[in-house]
Amino acid sequence: MKIGYPCINRSIGCTANSTFRLASYSEERLIETVSKNLCCLRKILEYNAAHNLLFFRISSAIVPFASHPVCAFDWRTHFKEEFTAIGKFIKKHDMRISMHPDQFTLINSPDEEIFGRSVRELDYHCDVLDLMGLDTSAKVQIHVGGGYGDKPSAMKRFIERYASLSTKIKRRLVVENDDRIYTLAQSLAIHEKTGIPVLFDVFHHSVNCSGEKLHDALRKASATWRKPDGILMVDYSIQKSGERAGVHAESIDIKQFTKFLRESRPFDFDVMLEIKDKELSALKAHAAASRDGRYYTV
DNA sequence: GGCAGTCAAGTACGC
DNA sequence: GCGTACTTGACTGCC
C-alpha cells in the first residue's frame with residue numbers, strides 16, 4: 001500500500017500545473033510553462049520521497065494544450081531529457097503514478113469528433129508516462145462517460161470504442177466508478193467485456209452506489225487488475241459536512257480513515273487521497289497507515 | 001497590487 | 001432552450 005495525493009503540493013511554493021489562456025498561446029510561452037512545471041514536478045516528487053508519499057497524480061496541465069490543434073510544437077523531443085530524468089527518479093523511489101484527464105475526455109460520446117479529441121488527449125497522457133519510461137502500472141484513469149439518455153447503448157459504445165484504441169492507450173487506461181452516472185457494478189460490467197481494470201472510488205461509491213459492501217467492492221475491483229497493471233488503485237475522499245452530497249472535505253478525518261483501513265483488510269491497494277488540503281492530509285494518512293502491515297516503506 | 005470575471009474541451013439537469 | 005454545476009485553481013484584465 002502506498003499513499004498519495006493529486007497534482008498539487010501547497011507546502012513547497014511552486015506548482016506543476018501552471019497554464020495560460022489559449023489566446024496567449026505561443027511557442028515561447030509553452031516552453032517557459034512546461035519548463036517551470038517539470039522543474040516543480042521534480043520538487044514535489046522529492047518532497048514526496050522525503051515524506052514517504054509514494055503515490056502521486058501528475059496534473060493534466062503539465063503540458064498545456066498538448067492535444068489542442070494550436071500546439072504544433074514538438075514538446076516530446078524538446079523535453080525528452082527532463083521527462084527521462086523525472087522517470088528515473090520515480091523508478092528509483094519505487095513510486096506509483098497516475099494521471100486523470102478531465103471530464104471532457106469521453107470515449108463513449110456519440111459525437112465522433114469528441115471521441116477523436118478524447119483519443120488525442122489520451123495519447124498525450126500516455127506520451128507523458130512513456131517519455132518517463134514508466135511501466136504499465138502507471139495508469140491513466142477516466143470515467144465511463146455520459147449516459148446520453150440510454151445507458152445500455154452508451155456502455156456498448158464505450159466497449160466498441162475501447163476495442164478500437166491503440167495498444168499504447170489500452171495498456172494504461174483504467175475506468176473509475178463516478179459519482180452520478182456509472183456505478184461500480186456498471187464499471188465492472190464494462191471490464192467483463194473489455195478487460196479494462198476498474199479503479200475503485202470509495203467516495204463515489206458512497207454517493208452513487210450499486211450496493212456492494214466495501215469488502216465485496218474491493219474484492220471485485222482488485223480482480224480486474226492483472227500483474228502488469230500493478231495492484232488496485234483506490235481514490236479515497238470523504239463528504240464535506242453541511243454541503244451537497246459529493247463535495248470533497250477540506251481535511252481528512254483520521255478516525256474514519258483508520259476505520260476504512262481496518263475494514264479494507266486483507267486487500268492491498270494504493271490510495272489516492274482526493275482531499276482539499278492535499279499533502280497535509282496525506283501526511284496524516286501516512287502516519288495512520290504506517291502502523292498497518294500493508295503499508296509500503298522504502 | 002488586489003480583485004473579480006473568466007477559462008479549450010462536455011454532459012446533465014432544473015427552470 | 002438556456003444557464004449552471006461539476007471540481008478547482010489560477011490566469012488575465014481592469015481598477
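Here is how names work: the chains are called A, B, and so on, in the same order as the sequence lines, proteins then strands, and each is numbered from 1.
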What's the closest nucleotide to the side chain of [X] if the choices are [options]?
X: H68(A); options: dT12(C), dA8(B), dT11(B); result: dA8(B)
X: D179(A); options: dG10(B), dT7(C), dA8(B); result: dT7(C)
X: S109(A); options: dC7(B), dG10(B), dT11(B); result: dT11(B)
X: I8(A); options: dT11(B), dA9(B), dG9(C); result: dG9(C)
X: R29(A); options: dC11(C), dG10(B), dA8(B); result: dC11(C)

When the distance from [atom1] of [X] to [atom2] of [N] is rounded to whole Å, what number comes out?
X: Y5(A); N: dT8(C); atom1: OH; atom2: P; value: 17 Å
X: Y148(A); N: dG10(B); atom1: OH; atom2: C1'; value: 7 Å
X: D102(A); N: dG9(C); atom1: CG; atom2: C1'; value: 13 Å
X: N208(A); N: dT11(B); atom1: CG; atom2: C1'; value: 15 Å
X: I275(A); N: dT7(C); atom1: CD1; atom2: C1'; value: 14 Å
X: L106(A); N: dT11(B); atom1: CG; atom2: P; value: 6 Å
X: Y124(A); N: dA9(B); atom1: OH; atom2: C1'; value: 14 Å
X: E113(A); N: dG10(B); atom1: CD; atom2: P; value: 10 Å

- [ ] Tell me which of F20(A) and K276(A) sits closer to the 5' end of DNA chain C, going by the nucleotide each one is nearest to.
- [x] K276(A)
Euclidean distance for [atom1], [N] against [M] (whole angstrom):
N: dC6(C); M: dC3(B); atom1: C1'; value: 25 Å
N: dT6(B); M: dG3(C); atom1: P; value: 13 Å
N: dT4(C); M: dC7(B); atom1: P; value: 13 Å
N: dT7(C); M: dC13(B); atom1: P; value: 14 Å
N: dC11(C); M: dT11(B); atom1: C1'; value: 25 Å
N: dG5(B); M: dA5(C); atom1: P; value: 13 Å

What is the nucleic acid contact for [X], judged by heavy atoms within less than 4.0 Å: base, sugar-phosphate only, or nothing?
X: G149(A); value: nothing
X: T19(A); value: sugar-phosphate
X: S18(A); value: sugar-phosphate

side-chain N/O [X] vs [N] OP1/OP2, d < 4.0 Å:
X: R21(A); N: dA10(C); value: no
X: T105(A); N: dA9(B); value: no
X: R10(A); N: dG9(C); value: yes

Open item on the list: Should the side chain of R180(A) and the base of dT11(B) be counted as holding a donor-acceptor pair, with the cut-off at 3.5 Å?
Closed with: no
Open item on the list: For R161(A), is there an ion pair with E112(A) - N to carboxylate O distance below 4.0 angstrom?
Closed with: yes
TODO: List the steps, then state whether side-chain contact (heavy atoms from CB on, under 4.5 Å) holds for Y296(A) with D94(A).
DONE: CA-CA 10 Å; Y296(A) 181 89; D94(A) 209 3; 2.3 Å; yes
- [ ] Run the ring-centre check on Y236(A) versus F203(A) and record whether the distance is less than 6.0 Å.
- [x] no
Open item on the list: Please tell me whether H68(A) and Y25(A) form a close aromatic pair, meaning their ring centres lie under 6.0 Å apart.
Closed with: no
Base-pairing mate for [N] - Watson-Crick or G-U, with both contacts under 3.5 Å:
N: dC15(B); answer: dG1(C)
N: dA8(B); answer: none
N: dT8(C); answer: none

TODO: Answer yes if the side chains of T183(A) and N177(A) hold a donor-acceptor pair under 3.5 Å, and no otherwise.
DONE: no
TODO: Could you tell me the separation between the NE2 atom of H100(A) and the CG atom of L199(A), rounded to the nearest 0.5 Å?
DONE: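 Atom-to-atom, H100(A):NE2 and L199(A):CG are 8.0 Å apart.
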Task: dG10(B) base stacked by F104(A) (centroids within less than 5.5 Å, tilt under 30°) - done: no
Task: Test disulfide (SG to SG under 2.5 Å) applied to C14(A) and C40(A), step by step - done: CA-CA 6 Å; C14(A) 71; C40(A) 183; 2.0 Å; yes
